[in-house]
Student: 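Mind looking over this structure? Questions follow.
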Protein chains: 2
Amino acid sequence: MTRPTMEDVARRAGVSRALVSLVMRGSPKVSEQRRAAVLRAAEDLGYSPHAMARSLASRTSTVLGVMVSDLHNAFFAEIVDGLDAVARAEGFELIINTGGRSAARERRALDSLLSFRPAGLALLGPVVPSAAIAGAANQAPVVLVARSSRLSTVDTVNDDGEMGSGLAVDHLISLGHKRITHFDGGEGSQSAPRRKGYLLAMQRHGLPADVVRSEYTDTAGAKAVRHLIDRGGELPTALVTANDFNAVGAISALEEAGLRVPADVSVVGYDNTSLAALRHVSLTTIDQPRNEIGRLAAEALLQRVRAQRAEPKRHLLNPSLVIRSTTAKPPPPPN
Amino acid sequence: MTRPTMEDVARRAGVSRALVSLVMRGSPKVSEQRRAAVLRAAEDLGYSPHAMARSLASRTSTVLGVMVSDLHNAFFAEIVDGLDAVARAEGFELIINTGGRSAARERRALDSLLSFRPAGLALLGPVVPSAAIAGAANQAPVVLVARSSRLSTVDTVNDDGEMGSGLAVDHLISLGHKRITHFDGGEGSQSAPRRKGYLLAMQRHGLPADVVRSEYTDTAGAKAVRHLIDRGGELPTALVTANDFNAVGAISALEEAGLRVPADVSVVGYDNTSLAALRHVSLTTIDQPRNEIGRLAAEALLQRVRAQRAEPKRHLLNPSLVIRSTTAKPPPPPN
DNA sequence: CTACACGATTAGAGCGCTCCAACAAATAGA
DNA sequence: TCTATTTGTTGGAGCGCTCTAATCGTGTAG
C-alpha cells in the first residue's frame, strides 16, 4: 500500500530528485532524453505526485474550500456543479462540507476548511455572522454566493432578487392584475431583496402592496394560501411567491379550496428549478442562472488567488421571466 | 496572510514545538498548566493546525475522496449529504469532484483524488471500467454506490431495484389491477434490476408483462404514454414507471389525453424524491433510503480505513413502498 | 542518601515535495 | 585561447507537522 515517492522514481531513472520534480511540473528546461527516462520510470512504478506534500513545499494550494449551507437544496448543488467545472478546468480541486443552516456548525465547517489552507473559499448561502466571514477572508480569498456583504475583502455573486420580483409583478400587471399578494421567504437568504422588489414594483404602479410572511417550502406556501382565505376579504387575483416550492404548495392549496390556476388566481414562482419545468407543474417563474453563478464564483476566486485583482467584485446577475401555464388574465370582476 | 505555525505558538507559550503538538492532538500526558498556556498562546495568535502538514507527517489522512458522476442529479446530492454527515462526525473531510458521465473524465477525476492520498474513496454511480476501479482500490479503500462489482477489494451499497419494482407490482395487484405496464429506464443505471423485478412479479402472479422502453425524464414518461395510446388496443390500468420524473411526465400526458389519475390509471414512481412528496404531485412511489445509502457508504469506508474489516461488504438496501394519491382500484371493466 | 520509577517535556529525524544556489558542460564572444 | 553565457542538473535546506527516543524532574522505596 505504500506508494512510490519521487526518490524512488529518481533512483530508477538514474537522476536526482530535483530533476524528477522538474519533469513532474512540466518544466521546459529538461532535456528530452532525461524527461523520457523519468516519465518511463514513473510509469513503471505507478508514481503520481503527492498533492499535499507538493502543496506544503510550494506554499501554494490547489484546493478550493466550498461550504454549502445545504446540499439537499438542488439550487446549491447546481452551483457546486458550476464551481467544479471551472475549478477542475483550472487544475483546482474542491473540498466540500455542509453547514446545515446552523451558524455554529458553519463556524466549525469553516475552520475545518481553513485548516487545509485552501487557495480560496466559496461560501454558498452562509448564515454565519459577518465577523466570521471577515475572519475567514483574512486567511484566504472568499467569494459569497446568495449572500451579500459590504466587506471589501470578499467578492459576491447574487441574482438581483429585487429585479426578479419586479419582473414577476410587471408581468402580472401587464396581464391586467391589480390585487397581487407576495408570499415572502421569511428569514431565508435573498428573501429581503425579493420582498423589496415586489414592494417597489407595486408602488411604481400605484397598487396597494400585500405581503404574507411565509417560507421556502411547499407546506408554507399552502399555509399562506389558507391564511389568505381565512382572513376573509377579497382574495388577490395573483400571487408572487417566495420560490418554486412555495408556489407549488400554494397552487395545491388553491385547488383544494376550489380555485383554479390560472383561471381564478395566477401564480409566479422563483428560481426556475427543474420542478417548475415539469409539464405537470408548468410554473411561470423567475430564472436564476445557477450554473453561471457557480462559474462566476469560481472565476472571482481564481482571480484573487492569482492576485489579478484586489478590489471586491459584486456580481449581480439578471434574472429572467419564464412564462409557463400558471399565469393568465385575471377573472372578470364579479358584479 | 502568513499564518502562525506551531513554532510560533511554542515560542509564545515558552514550550517546545512537540508539546504544542501534543496539546493540539489532545494528549492526556500534558500538565494542565502547560496545556492552558499553549491554548492561550494559540488563541492569541489565531493558530490552528495545518491539516496537510499534519497528514504528511503522520502518514495518515482525514480526507475522503468522493467522485460523483453527476451532482446535478438530486439523488446523488442527497447521498453526498449522508456521506458528509458521518464523515464530519468522524473527523473526516470530503473532497469532491464530478465525472460528468464520461469514462475519460472520470479517470482523470480519480487520479486527481488519489493524488491527495485520501483515506478512502467513494464512487457514486461511476461509469469507468472495472479495471480502473480495481486500480484505485489498490491505493485506498473504495466503496461503490449505485454500481455493483465483483472485486473483493471494494464495498458496494445499492438499493434492491428488483425488490422495489416487485413492491410496486404487488401493491397494484392487491388493488385489483391486471393490466400493468412498465416504463423502463433505458440505459440508465439500476434500470435492469427494476425491469427484472417487474417481469418477475408479473410472472409470479401469472399476468402478461408489457415493457415500454423509456428514460429517467419527465418528457420520456409523457412520450411513453403517447406511445401507449398511439399503438391502440386496450390501455393498461396501471403504470410502474422508471422513476418519479418519468411518472410525473406520464401523469401529465395521461391527463392531457383525458384520463384521470388514479381513477382511470394508477401510477407508481420510483425514488421518492422530494418531488413525489409535494402535495401537488402526491405520488405513490418506491423509496430508496438515500441518506442511509450515504451513511452506509461512509461507514463501510471508515471500517476499512480503520482496518476493522478486510472482506468486502455488499449492502443491498430494502426499498419501501410509499402510498400516496396516484394509485387506486382499477375502473370497473366497461361492458 | 542513593536508586529507581514514572510522568512531563524535548531534541531531532523525517514525511514527500519545491526551490534556490551552486555547479558542470557545452556554447558563444572577444 | 580565455572569459562569459547559457543550458541542464544537482545537493541541500526547509514547508509545518508527528513520532520516537532521550532527558529532566519529582516522588518513593530501599
Side-chain angles (χ1 to χ4, degrees), chain A residues 1-39 41-42 45-63 91 112 114-119 139-140, chain B residues 1-39 41-42 45-63 91 93 114-119 139-140:
Chain A
M1 267 295 216
T2 172
R3 300 193 54 176
T5 75
M6 225 168 222
E7 197 69 54
D8 299 324
V9 177
R11 204 171 314 121
R12 181 174 242 267
V15 300
S16 71
R17 194 187 53 251
L19 211 247
V20 177
S21 174
L22 289 174
V23 172
M24 287 303 153
R25 283 175 292 147
S27 164
K29 39 174 128 185
V30 176
S31 69
E32 273 320 312
Q33 156 189 335
R34 303 276 195 166
R35 180 190 308 280
V38 167
L39 255 20
L45 264 39
Y47 170 82
S48 91
H50 188 310
M52 291 193 178
R54 168 176 285 182
S55 173
L56 189 62
S58 65
R59 268 142 286 190
T60 62
S61 172
T62 59
V63 166
S112 164
L114 282 170
S115 77
F116 282 87
R117 305 295 187 269
Q139 329 250 27
Chain B
M1 268 296 212
T2 172
R3 300 193 53 178
T5 75
M6 224 167 223
E7 197 69 53
D8 301 323
V9 177
R11 202 171 316 120
R12 181 173 242 267
V15 300
S16 72
R17 195 186 54 245
L19 210 248
V20 177
S21 173
L22 289 175
V23 172
M24 286 304 151
R25 284 174 291 147
S27 163
K29 39 174 131 187
V30 176
S31 67
E32 273 320 312
Q33 157 190 334
R34 303 276 195 166
R35 180 189 308 280
V38 168
L39 256 20
L45 262 40
Y47 169 82
S48 91
H50 189 311
M52 291 194 178
R54 168 176 285 183
S55 173
L56 189 61
S58 64
R59 267 140 288 190
T60 61
S61 171
T62 58
V63 165
E93 222 54 45
L114 282 170
S115 78
F116 282 87
R117 307 292 187 268
Q139 329 249 29

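Treat the numbers as computed from the prediction; the structure is a model and nothing was measured. Hydrogens, waters and symmetry mates are skipped; everything else that's a heavy atom, side chains included, is used.
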Student: Listed by chain and number, what are the side chain to side chain donor-acceptor pair (under 3.5 Å) partners of A:Ser112, not counting sequence neighbours?
Tutor: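 A:Ser112 satisfies side chain to side chain donor-acceptor pair (under 3.5 Å) with B:Glu93 only.
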Student: I'd like to check the side-chain contact (heavy atoms from CB on, under 4.5 Å) partners of B:Arg12; sequence neighbours left out, ordered by chain and number.
Tutor: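 Result, side-chain contact (heavy atoms from CB on, under 4.5 Å) vs B:Arg12: B:Ala41, B:Asp44, B:Leu45.
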Student: Once you round to the nearest 0.5 Å, how far does CE of B:Met24 lie from OH of B:Tyr47?
Tutor: 5.5 Å
Student: Taking only residues two or more places apart in sequence, or in another chain, which ones meet A:Ser48 in a side chain to side chain donor-acceptor pair (under 3.5 Å)?
Tutor: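 Result, side chain to side chain donor-acceptor pair (under 3.5 Å) vs A:Ser48: A:Arg3.
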Student: For A:Ser16, what residues pass the side chain to side chain donor-acceptor pair (under 3.5 Å) criterion, not counting sequence neighbours?
Tutor: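 Per chain and number, A:Ser16 pairs via side chain to side chain donor-acceptor pair (under 3.5 Å) with no residue.
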Student: Return the set of residues passing side chain to side chain donor-acceptor pair (under 3.5 Å) with A:Thr60 (not counting sequence neighbours), or none when no residue passes.
Tutor: A:Ser58
Student: Tell me, please, which residues at least two apart from B:Arg25 pass salt bridge (Lys or Arg N to Asp or Glu O under 4.0 Å).
Tutor: none
Student: Between the two ends of the helix from C:dC1-D:dG30 to C:dA30-D:dT1, what is the bend in degrees, rounded to 10 degrees, where each end axis spans five pairs?
Tutor: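 That helix gives 60° between its end axes.
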Student: Tell me: CG of B:Leu22 to P of C:dT10, nearest whole Å?
Tutor: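 After rounding, the gap between these two atoms is 10 Å.
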Student: So, taking the atom named OG in B:Ser115 and the one named CD in B:Gln139, what distance separates them when rounded to the nearest 0.5 Å?
Tutor: 10.5 Å
Student: Please list, in numerical order, the residues of residues 25-38 of chain A that have a heavy atom closer than 4.0 Å to any atom of DNA chain D.
Tutor: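 Residues of residues 25-38 of chain A that come under 4.0 Å of DNA chain D are, in numerical order, A:Lys29, A:Val30, A:Ser31, A:Arg34.
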Student: Does any residue of residues 6-19 of chain B have a heavy atom under 4.0 Å from DNA chain D, and if so, which ones, in number order?
Tutor: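 Residues of residues 6-19 of chain B under 4.0 Å from DNA chain D: B:Met6, B:Arg17, B:Ala18.
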Student: Run the side-chain contact (heavy atoms from CB on, under 4.5 Å) test against B:Arg35 and tell me which residues pass, sequence neighbours left out.
Tutor: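 Checked B:Arg35 against side-chain contact (heavy atoms from CB on, under 4.5 Å); matches are B:Val23, B:Val30, B:Glu32, B:Leu39.
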Student: Answer yes or no: is there a side-chain heavy-atom contact under 4.5 Å between B:Arg34 and B:Leu19?
Tutor: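 Yes; the side chains approach each other to less than 4.5 Å.
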Student: My understanding is that only residues two or more places apart in sequence, or in another chain, count here; which of them pass salt bridge (Lys or Arg N to Asp or Glu O under 4.0 Å) with A:Arg117?
Tutor: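 Salt bridge (Lys or Arg N to Asp or Glu O under 4.0 Å) check on A:Arg117 returns nothing, list empty.
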Student: Mind checking whether A:Met52 and A:Phe116 have side chains closer than 4.5 Å, heavy atoms only?
Tutor: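 Counting from C-beta outward, A:Met52 and A:Phe116 do come under 4.5 Å.
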Student: Please find the earliest and latest nucleotides of DNA chain D, in the 5' to 3' direction, that have an atom within less than 4.0 Å of any heavy atom of chain B.
Tutor: D:dG16 to D:dC19
